[in-house]
Amino acid sequence: MSNPDHPPAVGVLDQGPELIFPPGFLWGAATAAYQIEGAATEGGRTPSIWDTFSHTEGRVVAGHTGDVACDHYHRMPSDVRLMAELGLKSYRFSVSWPRVQPGGSGPANAEGLDFYRRLADELLGHGIEPWLTLYHWDLPQPLEDAGGWPARDTAGRFADYAELVADALGDRVRYWTTLNEPWCSAFLGYGSGVHAPGRSDGADAVRAGHHLMLGHGLAVQALRASRPHAQLGITVNLYPVTPASDAPADVDAARRIDALANRFFLDPVLRGSYPTDLAADLREVTDFGHVRDGDLAVISTPLDLVGVNYYSRHVVAAPVEGAEPEPYWRAPSCWPGSEDVRFVTRGVPVTDMDWEIDAPGLTETLRRVHDEYTDLPLYVTENGSAFVDAVIDGQVDDVDRLAYFDAHLRAAHEAINAGVPLRGYFAWSLMDNFEWAWGYTKRFGMVWIDYDSQARIPKSSARWYAEVIRRNGLAAQ
Ligand code: IFM
């Protein structure tokens with residue numbers, strides 16, 4: 001569903017010199033449990049909010065669900081062999097909470113944990129560093145029924161779950177991220193409702209964001225106590241936010257969206273405080289009465305690394321009369337307190353998600369996190385693009401995706417040259433998968449999935465990425 005007003009990407013590699021990354025740079029690819037595993041009712045797994053949501057009519061395009069997905073649960077060893085063939089140094093996966101702790105509280109499910117033990121062992125056996133994300137959006141349904149992330153208790157449940165996973169996998173896994181993209185969980189899940197659990201209330205979205213971060217802080221404390229040598233972090237999705245003009249009203253619109261998209265999470269986690277302008281912007285939505293003494297100290301528990309997911313830039317302006325209806329991630333309900341800000345499209349090439357391609361925004365984002373927030377090592381824990389692919393003579397020649405990766409890796413290298421301690425990069429995604437409310441209609445993978453036969457076909461971008469990893473950098477063009 002691309003936008004006819006926007007030029008599509010053209011798949012032309014920019015001119016550029018050979019760029020070699022620092023020794024030991026961690027080259028990886030990422031996935032998430034609900035997006036690839038399938039086996040939704042096997043091995044003791046119980047429903048998550050995404051099972052409920054995807055089985056509710058009208059929530060996901062074409063009624064797609066994650067019931068089978070890429071059948072990774074059954075094909076894990078051969079998928080790991082494929083990763084090894086590509087030369088991946090690391091693989092970032094998420095643990096399905098309802099698979100390892102059915103219902104979200106109480107004892108562990110040994111069969112669920114065993115799957116992730118076998119995955120970690122398989123990876124280590126192929127020389128691939130496992131990178132574990134604890135929460136990539138699949139909240140156990142009973143916890144949603146008890147209030148979900150807007151309820152404070154969910155943060156405590158998350159810390160218990162973190163401890164349970166650390167006990168089982170801490171001897172095999174060195175890199176841990178607590179949450180993936182808490183903005184999406186809070187604002188798409190509880191604000192606009194286009195993601196599970198599909199609720200739409202600005203105050204709940206803000207509460208959810210706070211309790212996600214509280215859960216993160218409590219989980220870091222539990223993991224640190226259990227695994228003192230683990231490398232612990234969080235993954236946030238960040239966007240440069242640019243005003244459409246120098247007009248004060250546009251500049252103020254950018255400030256508001258930046259507060260909600262970026263500083264809402266960066267400030268509490270890395271500075272131990274909420275931005276003061278955010279509280280003022282949200283005064284009609286919430287009085288922040290859900291924030292208790294001591295919460296921000298927990299949320300800012302020291303980390304070892306920060307994961308940045310980068311896809312695009314937001315360009316925003318002050319409202320105008322009669323503005324066009326917006327696509328889902330610009331829906332006013334995603335932006336409590338800033339509902340009338342206008343998102344501007346610039347007419348630059350877009351991906352199949354209609355996200356503008358803006359590689360310099362990655363350099364800008366990494367530099368900002370380093371310059372304004374932290375000296376910690378940074379990792380790009382996701383970056384990638386959906387395009388319409390086709391299998392022709394058994395091959396998928398995804399030139400647009402390859403050019404996207406190339407441009408963004410050049411941007412990442414520029415950040416390193418500017419002094420950013422960027423230590424790794426994870427392509428999103430290893431394979432095509434369940435793209436949330438878009439179901440299987442959007443393909444982000446370097447490996448094509450035939451959802452009928454479950455055949456895997458490495459695309460041109462996968463072969464290209466294997467060569468990037470082999471040479472630890474990019475060839476001259
Ligand atoms: O597929 C998602 C992923 O689950 C989280 N980050 C963005 C990706 C593309 O939308």
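Nothing fancy with the numbering, it's 1 onward along the sequence. All ligand and atom numbering here is 1-based and tracks the order in the structure.
- The closest protein non-hydrogen atom to atom 8 (C) of ligand 1 is Tyr311 OH, 3.5 Å.
- Within the 4.0 Å heavy-atom shell around ligand 1 one finds Asn180.
- Under the 6.0 Å distance and 45° angle rule, Arg271 counts as a cation-pi partner of Tyr373.
- Between Phe187 and Ser192 there is no side-chain heavy-atom pair separated by less than 4.5 Å.
- Residue-to-ligand polar distances place Trp436 within reach of ligand 1: an N/O pair is separated by less than 3.5 Å.
- Considering backbone and side-chain atoms together, Gln35 places an N or O closer than 3.5 Å to an N or O of ligand 1.
- With salt bridges taken as basic N to acidic carboxylate O contacts below 4.0 Å, one links Asp389 and Arg401.
- Between Trp149 and the choices Tyr135, Tyr190, Trp137, the ring pair (Phe, Tyr, Trp, His ring centres under 6.0 Å) rule is met once, by Tyr135.
- By the 6.0 Å and 45° rule, Arg99 stacks over the aromatic ring of Tyr73.
- Heavy atoms of other residues, nucleotides or ligands lying less than 6.0 angstrom from CZ of Arg367 number 12 at most.
- Two rings, from Trp355 and His314, have their centers 6.0 Å or more apart.
- Proximity annotation for atom 3 (C) of ligand 1: of Trp428, Phe434, Trp438, Trp428 comes nearest, heavy atoms only.
- Taking a 4.0 Å cut-off on heavy atoms, Tyr34 fails to register as neighbouring ligand 1.
- If you look at Trp355 next to ligand 1, the close heavy atoms, those under 4.0 Å, all belong to the side chain.
- With hydrogens and angles left out, the side-chain atoms of Gln454 and Arg456 include a donor and acceptor closer than 3.5 Å.
- Shown in contact with Glu181 at under 4.0 Å from a heavy atom are these atoms of ligand 1, numbered in order with element: 5 (C), 6 (N), 7 (C).
- Which of Met353, Glu382, His195, Lys442 comes nearest to atom 5 (C) of ligand 1 through a heavy atom is settled by distance: it is Glu382.
- The shortest N or O to N or O distance between His136 and ligand 1 is under 3.5 Å.
- Of the protein's heavy atoms, Glu435 OE1, 2.6 Å lies nearest to atom 1 (O) of ligand 1.
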